K.L.:
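Handing you a structure now.
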Amino acid sequence: MDVQEGAYNFGQIEKKWQEFWQEHKTFKAKDCDASRPKYYVLDMFPYPSGEGLHVGHPEGYTASDIVARYKRMKGFNVLHPVGWDAFGLPAEQHAIKTGTDPALTTAKNITNMRRQTKSLGFSYDWDREIATTDPEYYKWTQWIFLKFFNSYFDEREQKAKPIEELPVPGGLSEKERHQFIDDHRLAYQADVPVNWCPALGTVLANEEVVGGVSERGGYPVVRRPMRQWMLRITKYADRLLEDLAEVDWPESIKKLQVDWIGRSVGAEVRFQIDRHDQDLWVFTTRPDTLFGATYMVIAPEHPLVDAITTPAQKAAVQEYREVAARKSDLDRTDLAKEKTGVFTGAHAINPVNNEKIPIWISDYVLISYGTGAIMAVPAHDDRDFEFAKKFNLPIIPVVEPPDPHDAELVRRSELCFTGDGRAINSGPFNGLPTREFQEKITAWLAERGQGKKAVNYKLRDWLFSRQRYWGEPFPILHAEDGRVIGLSEDELPLRLPDVADYRPPGTGESPLAKATDWVNVTLPDGTKAQRETNTMPQWAGSCWYYLRYLDPRNSQRGWDPTKEKYWMPVDLYIGGAEHAVLHLLYSRFWHKFLYDLGYVSTKEPFHKLINQGMILGEDGQKMSKSRGNVVNPDKVVEEYGADSMRLYEMFMGPLEAIKPWSMRDMQGVSRFLQKTWRIVVDEETGQLAPAVKDAEPDEETARLLHQTIHKVGSDIETFGFNTAISAMMIFVNHLAKQEVRPRSVVESFILLLAPFAPHIAEELWQRLGHPESLAYQCWPRYEKEIAREKQIELPVQINGKLRDRILVPVDLEEEQVKARALASGKIVAALAGKTPKKVIVVKGKMVSVVV
RNA sequence: GCCGAAGUGGCGGAACUGGCAGACGCGCAGGAUUCAAAAUCCUGUCCCCGCAAGGGGGUGAGGGUUCGAUUCCCUCCUUCGGCACCA
């Protein structure tokens, strides 16, 4: 069968315009153009996987592209770049299995994903494309790492400074001096218990361990101390919290970050250990419950354990420690499990009342938080309560709950109360409300040198090294004499060596350790050194990529400061909520650090953040290969075209909602585009439809057009893309019925459609006689007067029930509206002679009669 | 367990600051066009009673505030996401 001459041939049209945009560099962003306001729209760049794009990617990318195209039409100088977060485990696993260089796998995957991305017609400035695996890119990742290595944190000014400015105490030996400096670097090495995954032959960050097994692969993970590189993100905890006030992010995401940082204010309190000269420091957020402390608990790994354990308890303590050490994180955090612990035989002396209380060890106290020791107040802490019940330890209530019933239960030690109340059993402090007590007692302790105010964070320093091949090498040398030396800038990039075997040696080292030619170097003074063989985690490259887009080909510096000042901050950042904490926290941290050193001009990198929701399979389940419900974007584009795909992704529902895919609904938006096509083009002839004429629009059409202009524009501004599309559908339905479709009206509409379905819009625009691309056409002007309805229908209610509708001129006086409502036949009938008590007229909305 | 988000027709969803619940799309039913089909167009489509006019019910459940509640408040249920002994 012949294809009709003028039918909507999306395949041809999309190819044509994609080539046009590429050839004309239509979307090239112009640096430092002072004549227009700038707008930086950023997508979370994808990992180039072998699977290629899935339909979740184009969701966020379409949304950001609509905004980018809309902003261009509104006169903004738009920066809309794309790139590849290309280091990562899958390519390395593939290399281990097949011996293929991950660089080759990655390049192949990028080629495929670039093709897919281009097929959707996103208005990226492709000249700025980057990949984190490119040595010209990771050169600067290494450069930033060296900045961390060569900086310290000035506590007084609360900012990073060059390490040369670190005040080093006098009288130190050369070795001590080095040690002191190394201990203050923002990138430092530490022996830390890490999550060692034997199956992957690597350590994992806490966040890569989910439920005791590796996030990728699901292999068991155990604790094991190893030398690791750490970044001092904890120094930035307060600033990372405070500056959340500056950004326009979803409240839920901010809250996740706040909780992740987990700042808690309380006191550190000193307990003397009975018959020892050492003290035991604890951290508590409830110093007001000190009188209720009936025992102490220290972590099994606590350094004082050996010193204080009595001979009688030695064996039991020793055994407990060994069992605890063997436990994985999963076992230790399993709440279903009962509390365990062993008495050390030692006692501590409570500074407020000189009571002697027993010291236990238990793994419910973590060595890595606070001081690794607590005072246990079972009456007012759930965990202590549970422990005390199990081991029959005394429970002394010291806070009286406001509720008398609760108060009685607490008095009988039957209820653990963790809220605020009034002090009891607390000597001279009895009767004080919780808050006031906390302040008083903290001051009281401080006066006596028994305590001080303290702040703790759940946030830990960032474990920054991985034992992998496919990551950025650390620009670090370990000299024979133990010195740790950072490479100089002109030695960057330090490239990954070629290796024959990508398998980890299994010693805990990375596969790089086997590249001995690369590892062993001779220093200028003739002594020998070894390269660091760990590599950086995948987060590293994504911590600063938004800066490289500003100046992607600069070989002299990471980015030009003038360009940085012009483009930053990112105005709109769209991506998945799975990065709510880690990526967004890490990159904020790097950004603040770069801000301290003067390399960036804004405190925060991302002003506005939107999370797109996940797209589920047609069965309402998460898409996965094993379920067989994965939708392939290539197929959809082939069958319906990129414009339909884009439109459908936006029409499914609110951007941020989780929603299931539906091929049937996909056809619905495809029909809408075909209808749009037929409004302009005569399918028989391929010429402009005869109904498209140079004519004045009738009043109704003009009104609807302007209402649509308003709706679509404001919906784009508020990311309500689904309702914008619905408004356009209403308009097209109207226009399709008109015998005359004024050219000016059709053109305005095409411009509205352009950000959503750019290929068809460009094609129709051209067919309407415009030789230029519409990418920089002015967004249609909204005329409020034209959009205004002349008559409106008002509902009339009696006692809240709808009884009639009246048609009135839009600006009719209130009294008149009232009169007309009461005069309506149905209302008269419904009132049945009763006199209304009250008549409420809500202007332009409704009339409510109360009887 | 704690924190967060959300529950609206057969389905995806809409409803601005408390003001006509169900826009728009899908599906379905009937009709037009066609030799027939696809495509397209028209009409209908929350539920119940009724031929109709009309009436009653209805936004997870129950209560409250209000002339009026999907929207605000309280209690509860369900689903999804995050955290998981952080003292």
Side-chain angles (χ1 to χ4, degrees), chain A residues 1 4 7 211 250-253 255-256 258-260 262-264 266 282-286 289 297 329 332-337 339 362-366 368-377 380-384 386-387 418 456-460 577-578 580-581 613-614 616 620 622 647-648 651-654 656-669 671-672 674-675 678 683 714 718 720 722-730 733 736-737 793-805 826 836-851:
Chain A
M1 196 187 94
Q4 275 178 311
E251 284 307 314
S252 56
I253 300 290
K255 182 144 194 323
L256 284 177
V258 169
D259 291 348
W260 189 265
R263 182 179 201 266
S264 48
V282 302
F283 172 71
T284 177
T285 54
R286 294 297 301 269
T289 61
V297 185
D329 260 13
R332 279 190 71 149
T333 60
D334 188 355
L335 277 179
K337 170 194 66 109
K339 295 255 181 301
S362 171
D363 62 6
Y364 85 90
V365 170
L366 309 174
S368 52
Y369 184 78
T371 59
I374 61 157
M375 62 173 202
V377 184
H380 305 291
D381 181 286
D382 290 319
R383 299 150 299 187
D384 299 344
E386 197 191 322
F387 192 85
T418 57
N456 267 298
Y457 303 90
K458 280 207 256 187
L459 183 70
R460 306 292 152 84
E578 66 273 21
V581 177
M614 203 187 354
L616 305 172
K622 206 168 164 170
L647 217 49
Y648 174 60
F651 189 63
M652 292 173 84
E656 299 180 74
I658 299 173
K659 43 214 176 283
W661 186 271
S662 158
M663 272 306 176
R664 273 188 169 156
D665 288 357
M666 171 86 230
Q667 291 174 35
V669 294
R671 267 178 226 163
F672 161 68
Q674 292 181 39
K675 197 164 180 175
R678 288 194 304 269
E683 286 193 293
S714 62
T718 56
N722 53 333
T723 47
I725 293 167
S726 146
M728 288 191 284
M729 285 172 166
I730 292 169
N733 287 344
K737 286 183 204 139
E793 200 184 53
L794 289 183
V796 184
Q797 298 181 344
I798 297 176
N799 286 348
K801 288 217 179 277
L802 179 70
R803 293 300 170 187
D804 198 12
R805 291 179 178 134
K826 281 181 190 167
K837 270 195 223 140
K838 201 157 117 187
V839 180
I840 299 155
V841 178
V842 184
K843 198 161 164 38
K845 293 287 186 195
M846 51 103 61
V847 182
S848 185
V849 182
V850 189
V851 288

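Every chain is numbered from 1 and lettered A, B, ... according to where its sequence line falls, protein lines coming before strand lines. Every heavy atom of this structure was used, including side-chain atoms; hydrogens, water molecules and symmetry mates were not. Everything numeric in this text was worked out from a predicted model, so none of it was measured.
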K.L.:
Side-chain contact test, heavy atoms from C-beta onward, threshold under 4.5 Å: evaluate it for A:R286 versus A:T284 and give yes or no.
P.N.:
yes
K.L.:
Between the base of B:C85 and the side chain of A:K339, is there any donor-acceptor pair under 3.5 Å?
P.N.:
yes
K.L.:
When the P atoms of B:G22 and B:U45 are considered, how many whole Å apart are they?
P.N.:
11 Å
K.L.:
Select from A:K838 and A:V669 the residue whose nearest nucleotide in RNA chain B is closer to the 5' end of that strand.
P.N.:
A:V669
K.L.:
So A:W661 and A:Y648, would you call those rings parallel, tilted or perpendicular, with 30° and 60° as cut-offs?
P.N.:
perpendicular
K.L.:
Would you mind pulling out the nucleotide paired to B:A14, Watson-Crick or G-U wobble, both distances under 3.5 Å?
P.N.:
none
K.L.:
May I ask which nucleotide in the shown strands pairs with B:A69, Watson-Crick or G-U wobble, both distances under 3.5 Å?
P.N.:
none
K.L.:
By the 4.0 Å heavy-atom rule, please label A:I730 as base, sugar-phosphate, or nothing.
P.N.:
sugar-phosphate
K.L.:
Contact class for A:S662 (heavy atom, under 4.0 Å): base, sugar-phosphate, or nothing?
P.N.:
nothing
K.L.:
Using purine N1 to pyrimidine N3 plus N6-O4 or O6-N4 for Watson-Crick, or N1-O2 and O6-N3 for G-U wobble, each under 3.5 Å, what pairs with B:G4?
P.N.:
B:C80
K.L.:
About how many Å separate CG of A:D804 and CD of A:Q797, when rounded to the nearest 0.5 Å?
P.N.:
12.0 Å
K.L.:
Is there a Watson-Crick or G-U wobble partner for B:G62 with both distances under 3.5 Å, and which nucleotide is it?
P.N.:
B:C74
K.L.:
Under a 3.5 Å limit for both distances, which nucleotide forms a Watson-Crick or G-U wobble pair with B:A52, could you say?
P.N.:
none
K.L.:
Just call it for A:E656: base, sugar-phosphate, or nothing, with non-hydrogen atoms closer than 4.0 Å on any strand.
P.N.:
nothing
K.L.:
Write down the partner of B:U43 under the Watson-Crick or G-U wobble criteria, each distance required to be under 3.5 Å.
P.N.:
B:A29
K.L.:
With a 3.5 angstrom cut-off on both distances, give the Watson-Crick or G-U wobble partner of B:A37, or none if there isn't one.
P.N.:
none
K.L.:
Give me the distance, rounded to whole Å, that separates B:C85 from B:G12 when you measure between the P atoms they each carry.
P.N.:
37 Å
K.L.:
Judged by atom type as modelled, is there a donor-acceptor pair below 3.5 Å linking the side chain of A:K659 to the main-chain atoms of A:P654?
P.N.:
yes
K.L.:
Ignoring hydrogens and angles, does a donor from either the side chain of A:K845 or the base of B:C16 sit under 3.5 Å from an acceptor on the other?
P.N.:
yes
